[in-house]
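Accompanying notes for the structure given below.
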Amino acid sequence: MPPKKSNLNNASSNGSRRKRVERAQQLPEQIETRNAAQRIRTAESRAQESQEQRDERLQQNITRTRAARERNIATVRVLDRQRQRISRSLTRASFVRLAFEYAPDINYSAHSKIAIGGMDKLHRQSTEHAGIHTRCDDLRIFKAKTLGRLYTVHPKQRECFYLRWLLVNVPGPTSFEFLRTVNGRIFNTYQDACRELQLLEDDNHWDLTLADAALTSTPNNIRQLFAIILTTCYPSQAQTLWEKYKNCMTEDILHRIRQTNQCQNIDYTPEMYNEALVLIEDVCVLISNLPLNHCGMPSPNRPATDLVNTDLQRENQYDHGSLATIIMNSEPLLTAEQKIIYDRIMLAVVAEQGGFFFLDSPGGTGKTFLISLILAKIRSQQKIALAVASSGIAATLLDGGRTAHSTFKLPLDVHNKPDAMCNNKKNSGIAAVLRKSSIIIELFRNTAAISWEASVVVEQDTWADVLSGYKSP
Ligand SMILES: Nc1ncnc2c1ncn2[C@@H]1O[C@H](COP(=O)(O)OP(=O)(O)OP(=O)(O)O)[C@@H](O)[C@H]1O
C-alpha cells in the first residue's frame, strides 16, 4: 500500500505553506478538478490494494477515528467540568458579598417588577414587552442582560434572612449600619431593625395558638407544639412567647417535683424551666437538627454532649416486637445469593471485623429487601445500625433512614472539593452514634457515579476522623 500523504494542514514546512496559499487562491472550478483527480488517484490506488492492505488501512482508519473521538470527548468533558465549576462557584458566592454589590441609590421597593430570585427569567420575559423593557433599561440596576439577583435566604439563616429583608425594603442604604439604624437608633441585629420597622409579622397568631393549647393540652403537647412553631414557623419573638407560656410548659415538671417532695407549696424554679427547655430542645433537634439558640431562644443549661442523647435515643428506639416479625418473615425467604451476602455481612458485624461491602445488582433483585433484613437483625440485637441514603426519597425505603447529607453534614459539592470534610465534631451527637454503630448502610439510588464515589470518600475521611482513638471504621 502506498504511504499515506501527510496532511498539509498539519505540516509547517515552506513547501506545504506555499501549497496551502496556492490552494486558498484557487477558483471553485479548479478545486472541483483537483478533488476529482484526487478521487481518481485514490480509487486507482485502492484498486491495486491486496485484501490484507485493505484490511490494514481500514483498521488504521478505525483506530484514528476512535483516537480522535476520544480526544474530542475528553476535551468536551474537561470544558464541561470547567463550566460547571465556574457556574457552581458563582452560585455559591456568599450572600454577604452580594449584599455589597447592592446598588444603594436605587429604591428597589418602588419597582413592582423587581422580583427576588429568577431575575434572568423576568428579564427574558420583559424583553417581549417593549414598555417593561424600557423600564428595565431605565432602572440600570445591574449590567449585562440580567436585572440582577438577590439570593434567596432561608429564614433559618436568621440574620442573613433579615439583612436581605432590609435590603429589599429600605430605600437607599449606604452601609450595613445604615440598615440597622431606625429612627436614629442603631440596633444590634437586623432582626431588631426589621421589627422596629414593622416589617415582621407579629407573633399574635402563635400567641393565640399557644393560649388555646394552654387551655386544652398537656404540658408535653404544648412543648411539642412550641418546638414545631420554633422550628417551622420562625416566630419573631420566640423568647417572649416562652416567657408567657413557660409555666404551662413546665406544669408537669412542677407536679412531679411536688409529688416527689410531698410538698404542694413548691413553686416554679429556674431548674424546672431549664428542664422544660431541655425537653423542647430535644424535639427541636429531632425536627430540624438545630439547638434552641438557633431558634431565637435561650440555650438550656446542659453540657453540649447531652444533645448526643437525642441521636442515640433515635437509634435505640426501634420496636423489638416488629423487628422480630420482620426477621421471622424475611429470613426464610432469602434466596441463595441473598443468604450468602447476609451471612457474610452478619459475620463481619458479629466478629467486629470492620470492612466495606458494596452491593450492586439490577433493579428489583432484592437489595432493599436484604438491607432491611440486615438492619432489623442488627437492631434486634440491641446494636446500632445506621441507615442513610443518597436522597430523601431513597431514605424512605429504609426503616429509620436519613439522608447522608443530613446525617454526616456532607458538603453539598463534595465532588468539587477533594479535601472536603463533613461538618461533624468529635463530641457531636452523630459522632457518638457513629462510634457506637455496628454497621452503617448507605443506599445510593439514581446517583451519578462521580457523586456517590466522592460522597463515600468524604464520609470515609470523616468516619476515620470521628472514630480515631475509638475503633476502626
Ligand atoms: N428473597 C425474597 N423473597 C421474597 N420477596 C423478595 C425477595 N427479595 C426481594 N423480594 C421482593 O422483590 C421486590 C423487589 O425487591 P427490592 O425492592 O428489594 O429490590 P431492589 O434490588 O432494591 O430494587 P431497586 O434496585 O429497584 O430498588 C420487593 O417487593 C421485595 O419484597
Side-chain angles (χ1 to χ4, degrees), residues 77 84 286 289 311 314-415 422 430 433-434 436-463 473:
R77 280 194 184 141
Q84 281 182 1
L286 265 185
N289 222 6
D311 283 302
R314 183 183 184 281
E315 295 303 327
N316 284 320
Q317 70 182 2
Y318 295 97
D319 174 20
H320 287 259
S322 47
L323 290 178
T325 315
I326 294 174
I327 298 165
M328 203 175 63
N329 293 338
S330 305
E331 239 176 7
L333 294 178
L334 288 179
T335 62
E337 279 177 320
Q338 287 173 329
K339 184 91 174 79
I340 293 170
I341 303 165
Y342 177 67
D343 288 343
R344 178 73 191 87
I345 293 177
M346 288 312 298
L347 179 74
V349 171
V350 172
E352 297 193 356
Q353 287 171 348
F356 287 91
F357 297 90
F358 290 90
L359 177 60
D360 190 18
S361 70
T365 48
K367 297 182 293 295
T368 317
F369 180 85
L370 177 61
I371 289 172
S372 303
L373 176 58
I374 293 172
L375 288 171
K377 182 78 180 174
I378 295 171
R379 285 168 182 164
S380 71
Q381 296 168 352
Q382 317 281 347
K383 292 178 178 163
I384 290 181
L386 195 59
V388 292
S390 56
S391 67
I393 298 280
T396 59
L397 293 173
L398 302 177
D399 190 16
R402 297 164 71 185
T403 62
H405 278 88
S406 121
T407 311
F408 301 126
K409 310 272 183 304
L410 271 180
L412 286 176
D413 47 352
V414 276
H415 43 284
C422 301
I430 196 63
V433 173
L434 280 175
K436 287 180 190 270
S437 293
S438 295
I439 191 169
I440 299 167
I441 292 182
E442 184 153 2
L443 189 63
F444 293 97
R445 289 177 78 90
N446 305 331
T447 316
I450 174 116
S451 110
W452 80 256
E453 274 180 30
S455 311
V456 168
V457 169
V458 173
E459 284 166 23
Q460 206 180 325
D461 288 346
T462 306
W463 298 337

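Indexing begins at 1, ligand by ligand and atom by atom, following the structure's order. Quick caveat: nothing in here was measured; it's all calculated off a predicted structure.
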### Query
Is E331 salt-bridged to K339, cutoff N-O under 4.0 Å?
no
### I439 CD1 to L386 CG distance, which is reported to the nearest 0.5 Å
10.0 Å
### Summary
Nearest heavy-atom approach of R379 to H320 is O-CE1, 3.3 Å
### Message
Testing the basics here: between A387 and D399, what is the closest heavy-atom pair and its distance to 0.1 Å?
### Response
CB-O, 4.1 Å
### Query
Is the shortest N/O to N/O distance between S361 and ligand 1 below 3.5 Å?
no
### Query
Which ligand 1 atoms, with their elements, are less than 4.0 angstrom from a heavy-atom of G363?
23 (O), 24 (P), 25 (O), 26 (O)
### Per-atom contacts, ligand 1 versus L333 - under 4.0 Å to a heavy atom
1 (N), 2 (C), 3 (N)
